[in-house]
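Predicted model only: the values in this text are computed from it and were never measured. Chain naming here is simple, since letters A, B, ... match the order of the sequence lines and numbering starts at 1 in each. Basis for what follows: all heavy atoms, side chains included, without hydrogens, waters or symmetry-related copies.
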There are 2 protein chains.
Amino acid sequence: MSLDRRKQIIDAAAKSFALFGYKATTMDQIAKIAQVGKGTIYTFFANKEELFNEILQQVIFEMKHIADRESAEQRPFHEKVFRILDQALEFRSRHELAMKLSQELRDVGTPMANEALNRLESELLTYIEAQLQSAMDRGELAQGDPRIMSFIMYQLYRSLTTEWNKIHDPLDKDTIKETFYKYFMKGILRVTPYESKDE
Amino acid sequence: MSLDRRKQIIDAAAKSFALFGYKATTMDQIAKIAQVGKGTIYTFFANKEELFNEILQQVIFEMKHIADRESAEQRPFHEKVFRILDQALEFRSRHELAMKLSQELRDVGTPMANEALNRLESELLTYIEAQLQSAMDRGELAQGDPRIMSFIMYQLYRSLTTEWNKIHDPLDKDTIKETFYKYFMKGILRVTPYESKDE
DNA sequence: CAAATGACCAAATTGTTATTTTAGTCATTT
DNA sequence: AAATGACTAAAATAACAATTTGGTCATTTG
């Protein structure tokens, strides 16, 4: 029953954090949803922050797992990118947690929400960077600074999804993929048409 | 002396808004700096907001002027882009106003600062879009949706300057230009190496 | 007498104190 | 030995007082 209790707590907390954000989620509430005494939570997690981090870690693992599964496949690099992109766009609607956190950051400025989002972003960038580096080693990509590459890739994705939606109607998935290809892949793929001798 | 008074007020206000932001700038302070009675300000501007908008408009005009001068020149499109980019990077350090406003938005969340930045961004996007459209009409660019193009262009610029600096040391100007070329120009220029027949 | 002015006021902002909520503890129960 | 919920100190919120500020207008000035 003990392991089950831990799961109950995590589930309840995950639900509540995603629904109400970090600040508005109280330990009493989590205990109630988990049908557990409040003290019980503290036998598994030292404090609210640690409980939250556990859940955040799970989200990060889930994201990495999806990408890992895809990149293990035997496919050309650009195809993998597309497929991961696809899944990310699909997954997007599922990470209510990240959504809620960024809303909370905007509205209330909760430092914990800020930290969490930074960590998520940082993990994502590190992951992308490693992937690009290994693709570069395999010769699938033109040489370049993977730190800048991964940053551009992330920013472009972010621009086409989150940022665009702030001022326009959302772009449909095909347009996003097409634009992503046009601006990112062309600049990065090793098709090397000719090296800009026009300048 | 009347026209001179107006200028005095605008100069004082511009200085103060850029230095302290919208909220922290008081009408009394502007009057003092401008060496003018507070009531005098209200013979030229209906209220604080209108005075602020006048100054914002001037910044927008100045930006447009710089770009217009450049794009009137007889040069290939991509060169113009680079030169404007150069000037923008140079100018950037000079628009303390925009800088201060975005800081104010982050720190205090002043709605006026938010509005102002949105307007600045919107003007910029409209301008870029028009420029891209006309370059496209002249056949200097490959066909494409200029709304998305201008958005990407702006976001990429923003990413390489503002956003990058949030997590790393600033990129030097040459790296910015190079990256900008690699990811934006390659995807957009009508040099058409060959149309991605690899897929 | 028209333009400029600064004392003045209502409204908004800030500072302060009272009240409530909440994270975390621990003596008691299961 | 694990689970619990009443309890407490600290933090968040609400209520209220004091101050600041945008905007007005009767008076002054050139």
Euclidean distance, atom [atom1] of residue [X] to atom [atom2] of [N] [Å, nearest integer]:
X: Asp4(A); N: dA2(D); atom1: CG; atom2: C1'; value: 15 Å
X: Gln35(B); N: dA4(C); atom1: CD; atom2: P; value: 15 Å
X: Gln29(B); N: dT20(D); atom1: CD; atom2: P; value: 14 Å
X: Met112(B); N: dT21(D); atom1: CE; atom2: P; value: 19 Å
X: Asp28(B); N: dC8(C); atom1: CG; atom2: P; value: 14 Å
X: Ile30(B); N: dG6(C); atom1: CD1; atom2: C1'; value: 16 Å
X: Phe44(A); N: dA2(D); atom1: CZ; atom2: C1'; value: 9 Å
X: Met27(B); N: dA7(C); atom1: CE; atom2: C1'; value: 17 Å

| request: Establish, with yes or no, whether the OP1 or OP2 oxygen of dT5(C) is under 4.0 angstrom from a side-chain nitrogen or oxygen of Arg5(B). | output: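 Yes.
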| For Lys23(B) and dT14(C), is the shortest distance between a side-chain N/O and OP1 or OP2 below 4.0 Å? |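 Yes, Lys23(B) has a side-chain N/O under 4.0 Å of OP1/OP2 on dT14(C).
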| Is there side-chain contact between Gln155(B) and Trp164(A), with heavy atoms separated by less than 4.5 Å? |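 Gln155(B) vs Trp164(A): side chains apart.
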| So what does Thr40(B) hit on the nucleic acid, given a heavy-atom distance under 4.0 Å: a base, only sugar-phosphate, or nothing? |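 Base contact.
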Is [X] salt-bridged to [Y], going by a charged N under 4.0 Å from an acidic O?
X: Glu70(B); Y: Lys80(B); answer: no
X: Lys173(A); Y: Glu178(A); answer: no
X: Glu79(B); Y: Arg75(B); answer: yes
X: Glu73(A); Y: Arg83(A); answer: no

| said: Any strand counts, and the cut-off is 3.5 Å on both contacts for Watson-Crick or G-U wobble. Which nucleotide pairs with dC25(D)? | reply: dG6(C)
| said: Of the options dT22(C), dT21(D), dA4(C), whose atoms approach the side-chain atoms of Thr43(B) most closely? | reply: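 For the Thr43(B) side chain, the nearest candidate turns out to be dA4(C).
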| Which nucleotide sits closest to the side chain of Tyr42(A): dG23(D), dA23(C), dA3(D)? |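 Of dG23(D), dA23(C), dA3(D), dA23(C) is nearest to the side chain of Tyr42(A).
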| query | Starting at the 5' end of DNA chain C and moving along, which residue's nearest nucleotide shows up first, Val36(B) or Glu49(A)? | reply |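 In this pair, the answer is Val36(B).
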| query | Does a distance-only test, which skips hydrogens and angles, find a donor-acceptor pair under 3.5 Å between the side chain of Lys38(B) and the base of dG22(D)? | reply |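 Answer is yes: a donor-acceptor pair is held.
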